[in-house]
Amino acid sequence: MQTRELKKIRNIGIAAHIDAGKTTVSERILFFTGKSHRLGEVHDGKAVMDWMPQERERGITITSAATTTNWKGHWINVIDTPGHVDFTAEVERSLRVVDGTVALFCAVGGVQPQSEAVWRQADRYHMPRIAFINKMDRTGADFAGALAEIRDELGANAVPIVLPIGSEQGFRGLVDLLDMHAIYYEERDDGVHLHEGPIPEELLEGAREAREQLIERASEQDDALMGVFLAEREPTRAELLRGLRAATIGGRLVPVLCGSAFRNKGVRRLLDAIVDFLPSPADVPPVHGVWDGQMMERTADPDGPLAALAFKVQADRHVGKLTFVRVYSGTLRAGETVLNAGKAIDQRVARLFEVHADKRESLDALPAGDVGAVIGLADTFTGDTLCDPKHPIVLEAMEFPAPVIDQALIPESRRDSDRLGSALAQLAAEDPTFLAHTDTESGQVVISGMGELHLEIIIDRLQREFDVSVSPGRPQVAYRETASAGVELEHKHVKQTGGRGQYAHVVIRLEPGEPGSGFQFVDRVVGGRIPREFIPAVRRGVLEAMAEGPYAGCPVVDVEVTLLDGSAHDVDSSEQAFRVCGAAAFRGALGRAGPCLLEPYMLLEVTVPEEYTGAVMGSIASKRGRIQGVEIKGGAHVLRARVPLAEMFGYSTELRSLTSGRGTFTMHFERYEAVPPEMADEIASVRRRPA
């Protein structure tokens, strides 16, 4: 591999709402940079980045695909992420390891639910962004409207650096506000050719005003450029680029471009913007981690101590397990032994690869700032840190949402039953939002995921990749339980069976937490009433008891447990005794705290022609849904609502029937809410009924 200067590397993610054109943009990037010699199209199943059979059949991105390419002497590591909310884990782990993001927006749809969710994810990582308003050739395309939504709905300081020349069928070029010239695109039989020329007379005044606003907004975010602005001197292109780059990397400004990726318009200007405005690994702050209770950091230095994060695991039928890593410091070399710091085990790096979708190129080393794949890390999974054994560090791990839907699987033969466990284990290792377990009452294998499509893909992969045939049961909602009131409880665990006994005594307070807060454990024991070494055992016992609540046997969430007091015996107390005592105390407290059943609520967005709005609103109301708002976009009505997942199975068929096939919807998990009491009792009785 050619040695790459750190400042000339760009690690970028491409993220947006489903069908905004992410994969098409990625394909054009590969074509214009010379990585691919043909244009792959999503609609004909030939996109390079959509390499899975399921992706090519459905025309959607399911797994994040990585590739490396070169533009004007800069190396760009591109990660194309899914837009469908069922595969949000792919977006989450991709954003964790890139340095900047290209946020795509549809010129017709503007800011849509998943594009907003992705934007918030990027906010959490303080991610520098540029925006690309795609599909300017579509009927109803509105650059100004999409730009206003980015500013108003996302709160972004979005500043256009280009303006469109025309729109819809008349979209024919861009006004470049940095150089104040026009870029014209001419469609020919052999492709789209571009040439520069003067700005059309009718757009000249608007372009001048937009450039003045660009300079003013950039000056507000950069002191050096502000000096030029106050001196009333026209900044040079280099000065303006430098100021825009500093403001973008600092997260204070978002450059906005536009184009039509499908028509090959605007993508080369986007590549220039990636190089000009998004950060290199040398431009971002050092990565932080901990070891032995001490905070530490690692800078992007290829000669420093190794620190790398495993962000994705993929089963490959040819080479086995592939582990995708981002190297933050040092150099990862083939053949060396590294430390998996979180698990405190050594791992040998058998081989290294540069990845291009489903193809690989062998490497000898992967230096700081780069992304690649490793073979040989049998015990390393998503979120694990690989480091120099002499300089250990654990980098911040990734957090993923819990599954919200369950489905039973019935193997079709004894052979399938024997293979099922191993196949599910491999799939669960790849996907942190997918879980599998055996129901203790029915004996059935139950899989859990983020939605119906997520589980449909899992079942399809079982058949194709692992040759395991199963019959799926009806999808079920993943209910949860919580406390509805606070309660204090004292519990003693005393057992004497001859010889050394068991003694543990705890006083706990159980309180309901905020929705989405998960589990909080607070230690308030003073005076050493419970020895410090036993307190983690109490917490473990509580966590074990939370696996099955008293109301319907569902996992318990959103509670806070405070350990107030207790006592121990010099001889009979042990970690085992306090673990059992903690579990029993929690069960008793939850039984008195008014346990209630929770169900997942989804944010639903339905886009329909105006004449069907009433019927769709009535349907949502019948499903216990609550309409949050209605707006008009591109001539269609967009309804936003909050609905319980339990009512939404098969909704795609119902919506097609209501709207003569003209309605579309997206839906993603928001939070858990209480089930109405009469429904909760019925659900609990069914779940507690013997199989």
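Among all heavy-atom pairs drawn from L244 and L214, the shortest one is CD2-CD1, 3.7 Å.
Not counting sequence neighbours, the partners of R671 by the side chain to side chain donor-acceptor pair (under 3.5 Å) test are E673. Every residue two or more places apart in sequence or in another chain was checked for a side chain to side chain donor-acceptor pair (under 3.5 Å) with T248, and none qualifies.
Contact check on D276 versus R245 returns no salt bridge, with no Lys/Arg side-chain nitrogen under 4.0 Å from an Asp/Glu carboxylate oxygen. Looking at D379 and K343, no side-chain N of the basic residue comes within less than 4.0 Å of a carboxylate O on the acidic one, giving no salt bridge.
Side chains of R268 and D272 form no contact here, defined as non-hydrogen atoms less than 4.5 Å apart. A 4.5 Å side-chain heavy-atom check between R252 and N157 finds every atom pair outside the cut-off.
Between V175 and the choices I183, V162, I161, L163, the side chain to side chain contact (heavy atoms under 4.5 Å, CB included) rule is met once, by L163.
Both tests do not hold together for K135 against F171: distance to the six-membered ring centre under 6.0 Å, angle to the ring axis within 45°. With a 6.0 Å cutoff to the six-membered ring centre and a 45° limit on the axis angle, R326 counts as a cation-pi contact of Y328.
Note that the CZ atom of F353 and the CZ atom of F324 stand 10.5 Å from one another [nearest 0.5 Å].
Under the 3.5 Å distance criterion, with hydrogens and angles disregarded, a donor-acceptor pair is assigned to the side chains of T380 and N340. Remark: the N77 side chain and the T68 side chain contain an N/O donor-acceptor pair separated by less than 3.5 Å. Between the side chains of R28 and N264, at least one donor N or O sits under 3.5 Å from an acceptor N or O.
Relative ring orientation between F434 and H454 is described as perpendicular, the plane-to-plane angle rising above 60° on a 0-90° scale split at 30° and 60°.
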Quiz: residues 287-298 side-chain donor-acceptor pairs under 3.5 angstrom, not counting sequence neighbours:
from, atom 1, to, atom 2, distance (Å)
H288, ND1, P286, O, 3.4
H288, NE2, E297, OE1, 3.4
R298, NH2, H391, O, 3.2

